[in-house]
Protein chains: 2
Amino acid sequence: MTQDPRWLTEAEQRAWQAYRRMFLLLNAQLARDLAQDSGLSEADYDVLSALGASPDRRRRVSELADRMLWSRSRLSHHLARMQQRGLVVREECATDGRGAVVVLTDEGTRTIERAAPPHVESVRRHFIDLLSPEQIEVFATIGETVVGRLTEGDH
Amino acid sequence: MTQDPRWLTEAEQRAWQAYRRMFLLLNAQLARDLAQDSGLSEADYDVLSALGASPDRRRRVSELADRMLWSRSRLSHHLARMQQRGLVVREECATDGRGAVVVLTDEGTRTIERAAPPHVESVRRHFIDLLSPEQIEVFATIGETVVGRLTEGDH
DNA sequence: CCGTCTTAAGTGACACGTCAATCACCTGCC
DNA sequence: GGCAGGTGATTGACGTGTCACTTAAGACGG
């Protein structure tokens, strides 16, 4: 016999609802800003920015996927499109014949360097600057707690 | 001349990163649980649950879309699939010849009633129960602040 | 070395979401 | 009443994400 669930309290519902709505709206707004300012999708931005922060602007495909929490398949498809647009190129991996390395092209580099400032402003405007330092701190802690729980057991 | 952006401080970056990772992981986990427990996607669940909470288990299509923060188009496509599966039906609207009303079928009603308890447990396990009441409160406030800013100006 | 097992990456088919266009119907003004 | 413009809803085409599968290559015990 299944136990009756512990339904959410009013406060818990408020938090859960607010979270879901915040995500939907915030994400949509950031995507709009990003598209207008730089002609990029959030996915594009994330790939470019992860690569831009990588040593030598290059990274093994699966390393990139792990770091971004993307499936390999998703990344593979997306890289194909970005390569088409000239933002990245794939190279063979010297040390592992199966492997591939993605590299930011010059255009990719320019693109992310131009896109970053307005994107940061957008994140500030719609999120960060609305919160007090204390709220930022609590928020970070919450996120890390949840992430920690969800990734414990991963080696 | 564009001003140099105010890059995020370390604390701000922590919060932003934690948020993005939390969303990715939490969403994926909830979707996995939901699919295993009830064979539903999150989108399915959201529609069923919104309809289940509606008077008479029915709602005008665009009213539902607004309430869920979905585009009409998305909802229309999704309702088509759910109708195919027998979870909802569309009826004509008595008071507006253009309008349509979506209604939960008996099967849709049974489905959401069975799906809700394990989903709530899942939300608790991976999120709510990891936080203190104080954290829940701060989190709700943050969400509402951000949502409020993003929706101000909507009538 | 050889066969098996594992791992890196890409692929194809399908499900989903978005955007723009469409169609039917309502509303309001002359 | 009739028509000009707005609104509710759907549709089709397209871009993107997922899942299952394939291909190629490293790892490794015998």
Side-chain angles (χ1 to χ4, degrees), chain A residues 23-25 27-36 39-48 58-85 87-103 154-155, chain B residues 23-25 27-36 39-48 58-85 87-103 154-155:
Chain A
F23 178 80
L24 283 174
L25 291 168
N27 222 42
Q29 185 60 54
L30 294 179
R32 251 191 312 275
D33 287 355
L34 199 49
Q36 287 193 341
L40 297 173
S41 67
E42 292 203 289
D44 296 333
Y45 185 92
D46 289 346
V47 171
L48 291 177
R58 75 182 49 224
R59 192 138 238 155
R60 283 291 295 275
V61 171
S62 46
E63 209 181 304
L64 187 59
D66 291 346
R67 187 170 289 249
M68 298 181 67
L69 304 178
W70 278 23
S71 75
R72 279 131 213 270
S73 169
R74 176 183 185 186
L75 183 56
S76 192
H77 281 302
H78 206 90
L79 288 176
R81 294 173 221 127
M82 293 181 73
Q83 183 156 14
Q84 202 94 22
R85 293 195 279 151
L87 297 171
V88 301
V89 286
R90 282 186 250 221
E91 294 179 0
E92 295 178 358
C93 176
T95 65
D96 186 337
R98 299 163 300 182
V101 176
V102 221
V103 192
D154 298 3
H155 17 224
Chain B
F23 178 81
L24 283 174
L25 290 167
N27 222 41
Q29 185 60 54
L30 294 179
R32 250 190 312 276
D33 287 354
L34 199 50
Q36 287 193 340
L40 297 174
S41 68
E42 293 204 286
D44 296 333
Y45 185 91
D46 289 346
V47 172
L48 291 177
R58 78 181 49 224
R59 192 138 238 154
R60 284 290 295 273
V61 171
S62 45
E63 209 180 305
L64 187 58
D66 290 347
R67 186 169 290 249
M68 298 181 67
L69 304 177
W70 279 22
S71 75
R72 279 129 213 269
S73 168
R74 176 184 185 186
L75 183 56
S76 192
H77 282 300
H78 206 90
L79 288 177
R81 292 173 222 127
M82 294 180 73
Q83 183 156 13
Q84 201 93 24
R85 293 195 280 151
L87 297 170
V88 301
V89 287
R90 283 185 251 222
E91 294 178 0
E92 294 178 1
C93 177
T95 64
D96 187 336
R98 298 163 301 181
V101 176
V102 221
V103 193
D154 300 1
H155 18 224

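First the proteins, then the strands, lettered A, B, ... as listed; each starts at 1.
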Show each protein N/O and nucleotides 17-23 of chain C N/O combination with a separation under 3.5 Å, one pair to a line.
residue: C/dG17; atom: OP1; partner: B/R74; partner atom: NE; Å: 3.3
residue: C/dG17; atom: OP1; partner: B/R74; partner atom: NH2; Å: 2.5
residue: C/dT18; atom: O4; partner: B/H77; partner atom: NE2; Å: 2.9
residue: C/dC19; atom: N4; partner: B/S73; partner atom: OG; Å: 2.5

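- Comparing A/D44 and B/G99 against DNA chain D, the residue whose closest nucleotide sits nearer the 5' end is B/G99.
- Distance A/E42 CD to D/dG15 C1': 16 Å, rounded to the nearest Å.
- Rounded to a whole Å, the CZ atom of B/R72 is 16 Å from the P atom of D/dT11.
- To the nearest 0.5 Å, the span separating CD on A/E42 from CG on A/L34 amounts to 6.5 Å.
- Across the protein-nucleic acid pair, B/R59 atom CZ and D/dG8 atom C1' stand 16 Å apart, rounded to whole Å.
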Would you list the atom pairs, donor with acceptor, under 3.5 Å between side chains in residues 67-76 of chain A and any protein atom, with sequence neighbours excluded?
residue: A/S71; atom: OG; partner: A/R74; partner atom: N; Å: 2.9
residue: A/R72; atom: NH2; partner: A/D66; partner atom: OD1; Å: 3.2

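- The nearest whole Å value for the distance from the CE atom in B/M82 to the P atom in D/dT10 is 14 Å.
- The salt bridge (charged side-chain N to carboxylate O under 4.0 Å, His left out) search around B/R58 returns B/D56, B/E91, not counting sequence neighbours.
- If you measure from atom CD of A/E91 to atom P of C/dA9, you get 13 Å, rounded to the nearest angstrom.
- Between its two ends, the helix from C/dC1-D/dG30 to C/dC30-D/dG1 turns its axis by 10°, counting five pairs per end and rounding to 10 degrees.
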List, with names and distances, any nitrogen or oxygen atoms from the protein found under 3.5 Å away from nitrogen or oxygen atoms belonging to nucleotides 3-5 of chain C.
none

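- The two residues B/L79 and B/V88 have their closest heavy-atom pair at O-CG2, 4.0 Å.
- Contact between the side-chain N/O atoms of A/R90 and the OP1/OP2 oxygens of C/dA9 is not found at any separation under 4.0 Å.
- Taking atom CG of residue B/D66 and atom P of nucleotide D/dG8, one finds them 8 Å apart after rounding to whole Å.
- Rounding to the nearest 0.5 Å places CG of A/L40 at 12.5 Å from CG of A/D33.
- Within the 3.5 Å criterion, the main-chain N or O of B/A65 finds no donor-acceptor partner in the side chain of B/S62.
- In this structure, CG of B/L79 is placed 11 Å from P of D/dT11, rounded to the nearest angstrom.
- The salt bridge (charged side-chain N to carboxylate O under 4.0 Å, His left out) search around B/D46 returns A/R20, not counting sequence neighbours.
- Straight-line distance from the CG atom of B/L40 to the C1' atom of C/dC16: 16 Å, rounded to whole Å.
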Kindly give the atom pairs (protein nitrogen or oxygen, nucleotide nitrogen or oxygen) under 3.5 Å for nucleotides 22-26 of chain D.
residue: D/dG26; atom: OP1; partner: A/G97; partner atom: N; Å: 3.1

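- Residues A/R85 and A/D44 meet the side-chain proximity criterion, which asks for heavy atoms closer than 4.5 Å.
- Of all heavy-atom pairs between A/R60 and A/G99, the closest is NH2-CA, 3.5 Å.
- B/C93 and B/A100 get closest at one heavy-atom pair: CB-N, 4.2 Å.
- Contacts of B/S76 with the nucleic acid, taken as non-hydrogen atoms under 4.0 Å apart, include base atoms.
- By the salt bridge (charged side-chain N to carboxylate O under 4.0 Å, His left out) test, A/R81 is found to be paired with no residue, residues two or more places apart in sequence or in another chain being considered.
- Remark: A/R59 engages A/S54, A/E63 in a side chain to side chain donor-acceptor pair (under 3.5 Å) (not counting sequence neighbours).
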